[in-house]
Amino acid sequence: MPLPLSGPSGPSGLSGQDESTLRTVAPDAAGQDRPELRKAIEEIVDSGFTGVSLRVHDERGAWVGSAGAAELGGAAKPPTDGRVRIGSSTKTFTATLVLQLVAEGKIGLDTPAAHYLPEFGLDGRITVRMLLQHTSGVFNHTGEVYADGTVAPGVPIPYGTTGREWMDNRFKTYRPQELVRLALSRPARFEPGAGWSYSNTNYVLARLLIEKVTGRPVAEEMRRLILGPLGLSGTVVPGASPEIPEPHAHAYYRYEDAGGQRMVDITRQNPSWISSGGDMISTTRDLHTFISALLGGRLLPAPLLAEMCTPHPTGIPNMDYGLGVFVVTTDDGATVISHNGAAVGHAALMYGTPDGSRTLTAALNCVDDAGLSVGGAFQQAMHRLVGEVFRGGQADPARPTD
């Protein structure tokens with residue numbers, strides 16, 4: 001799922017947890033003092049998140065720190081390089097993999113997707129590019145919200161009216177073909193290429209496309225072209241497995257039950273309902289390595305990287321979309337390439353300058369709920385954090401950060 005993120009209401013949302021625990025920050029081993037970064041992650045915890053770990057690489061070097069708690073009622077801070085469900089940050093990995101196969105000559109970026117996936121009866125005007133760009137018009141299998149406020153549900157998701165149903169079935173396995181067929185049974189949002197609308201189904205189709213042209217599971221191709229070459233040992237493509245490797249902070253979900261509020265640990269959950277739209281697990285270190293390598297030109301030929309980062313209007317202020325990445329304009333006019341993600345009690349931030357020389361990656365854990373109750377407060381804190389890191393645009397290219 002994309003941000004905004006969800007979480008508990010109130011200053012801490014931790015049901016009596018010692019507030020002093022929340023405000024303790026673990027700096028990186030070098031002890032570099034970055035008070036502005038420490039304050040920013042404390043603000044994120046104060047906005048309602050249980051914990052946050054942050055990694056910044058810039059012209060001053062690397063800074064890693066954490067604030068809050070790894071577990072409700074516990075004293076331990078979130079691990080600074082623990083695993084986290086990265087949600088829609090997965091889309092950047094998936095898009096990169098498709099573009100690598102374009103570079104290998106296995107996929108045509110402007111070839112109709114139906115050429116590779118004839119079994120679904122896709123509109124022949126939908127190209128591979130449109131899938132990656134969210135301009136296909138394909139119904140979002142996790143549900144659509146229309147301009148007039150009308151909601152068209154898809155599979156049960158943790159937000160809105162289906163929250164309790166999702167929670168009760170959080171170990172259910174969905175096949176990607178099932179998700180695609182559900183989406184294609186619903187009216188298209190618009191004619192192919194005629195608009196922009198964020199649809200997780202586009203990236204389920206991208207996964208099936210990868211598997212069709214290679215004859216291998218997406219996890220295997222991810223290891224071959226991205227995880228292996230970059231040494232991303234903390235990154236997992238889980239499929240339908242509910243497990244998350246240690247170490248990790250815990251994720252929680254709060255819902256109404258018999259007229260009251262109930263909260264459960266949902267760190268273990270089957271992510272197949274979102275599939276390649278948001279199922280991956282990673283670490284802040286691996287996300288930094290990935291986004292800096294991608295934007296630094298180590299994963300894609302220059303023309304394809306340029307295609308990936310070419311902005312397409314979304315209608316969202318200061319936030320356009322390329323191929324699997326958001327192209328963000330900061331308050332002072334700088335350009336940042338990003339894709340954040342939320343995954344029910346876990347979330348990830350991933351930002352980089354267009355040359356990859358300055359990056360921000362973060363892992364968050366919270367008490368999630370169907371109403372996205374902490375979204376507004378978190379957006380304000382995140383805005384400040386991004387401003388602190390990316391004010392002034394590019395890092396000094398003469399001073400490498402890694």
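Given the structure is predicted, the values throughout are model-derived calculations rather than measurements.
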TODO: Measure the spacing between CG of Asp81 and OG1 of Thr284 and express it to the nearest 0.5 Å.
DONE: 4.5 Å
Open item on the list: Is a donor from one side chain sitting under 3.5 angstrom from an acceptor on the other, for Gln133 and Thr135?
Closed with: yes
TODO: Kindly indicate whether the side chain of Tyr159, heavy atoms from C-beta on, has any atom under 4.5 Å from the side chain of Val344.
DONE: yes
TODO: Ignoring hydrogens and angles, tell me if any N or O in the side chain of Thr310 forms a donor-acceptor pair with the backbone of Ala306 under 3.5 Å.
DONE: yes
- [ ] Could you tell me whether Asp286 and Arg83 have a side-chain N and a carboxylate O separated by less than 4.0 Å?
- [x] no
- [ ] Report the distance from atom NE2 of His141 to atom CD1 of Ile157, rounding to the nearest 0.5 Å.
- [x] 9.5 Å
TODO: Please check if any side-chain donor atom of Lys106 sits under 3.5 Å from a side-chain acceptor atom of Tyr116, or the reverse.
DONE: no
- [ ] Look at Arg129 together with Glu307 and state whether they make a salt bridge at an N to O cut-off of under 4.0 Å.
- [x] yes
TODO: Say whether, by atom type as modelled, one donor and one acceptor occur between the side chain of Ser275 and the main chain of Ser272 under 3.5 angstrom.
DONE: no
Task: Short N-O contact, Glu221 and Arg223, less than 4.0 angstrom - done: no
Open item on the list: Does this structure show an ion pair linking Glu42 with Lys77, if we count only N-O contacts that are shorter than 4.0 Å?
Closed with: no
TODO: Give a yes-or-no answer on whether the side chains of Asp110 and Thr127 include a donor-acceptor pair shorter than 3.5 Å.
DONE: no
TODO: Measure the spacing between OG1 of Thr235 and CG of Leu287 and express it to the nearest 0.5 Å.
DONE: 6.5 Å
Open item on the list: Please determine whether a side-chain nitrogen of the Lys or Arg among Glu191 and Arg125 lies less than 4.0 Å from a carboxylate oxygen of the Asp or Glu.
Closed with: yes
- [ ] On the 0 to 90° scale, with breaks at 30° and 60°, tag the Tyr321-Trp196 ring pair as parallel, tilted or perpendicular.
- [x] tilted
- [ ] Dump the intermediate steps for side chain to side chain donor-acceptor pair (under 3.5 Å) on Thr359 and His57, then the final yes or no.
- [x] CA-CA 5 Å; Thr359 67; His57 290 249; 5.2 Å; no
Task: Arg254 side, atom CZ; Met167 side, atom CE - distance, nearest 0.5 Å - done: 13.5 Å
Open item on the list: Could you check whether His383 and Asp331, counting side-chain N and O atoms only, form a donor-acceptor pair closer than 3.5 Å?
Closed with: yes
- [ ] Would you give the length of the straight line joining atom CZ of Arg391 to atom CG of Asp332, rounded to the nearest 0.5 angstrom?
- [x] 7.0 Å
Open item on the list: Side chains of Asp265 and His250: any donor to acceptor distance under 3.5 Å?
Closed with: yes
Open item on the list: I'd like to check Leu230 versus Leu299 (side-chain heavy atoms, cut-off strictly below 4.5 Å). Are they in contact?
Closed with: yes
TODO: Flag the pair Arg224 and Glu104 as a salt bridge only when some basic side-chain nitrogen lies within less than 4.0 angstrom of an acidic carboxylate oxygen.
DONE: yes
TODO: Working to the nearest 0.5 Å, report the span between NE2 of His339 and OG of Ser88.
DONE: 5.5 Å
Open item on the list: Under a 3.5 Å cutoff, is there a donor and acceptor pairing between the side chains of Asn202 and His134?
Closed with: yes
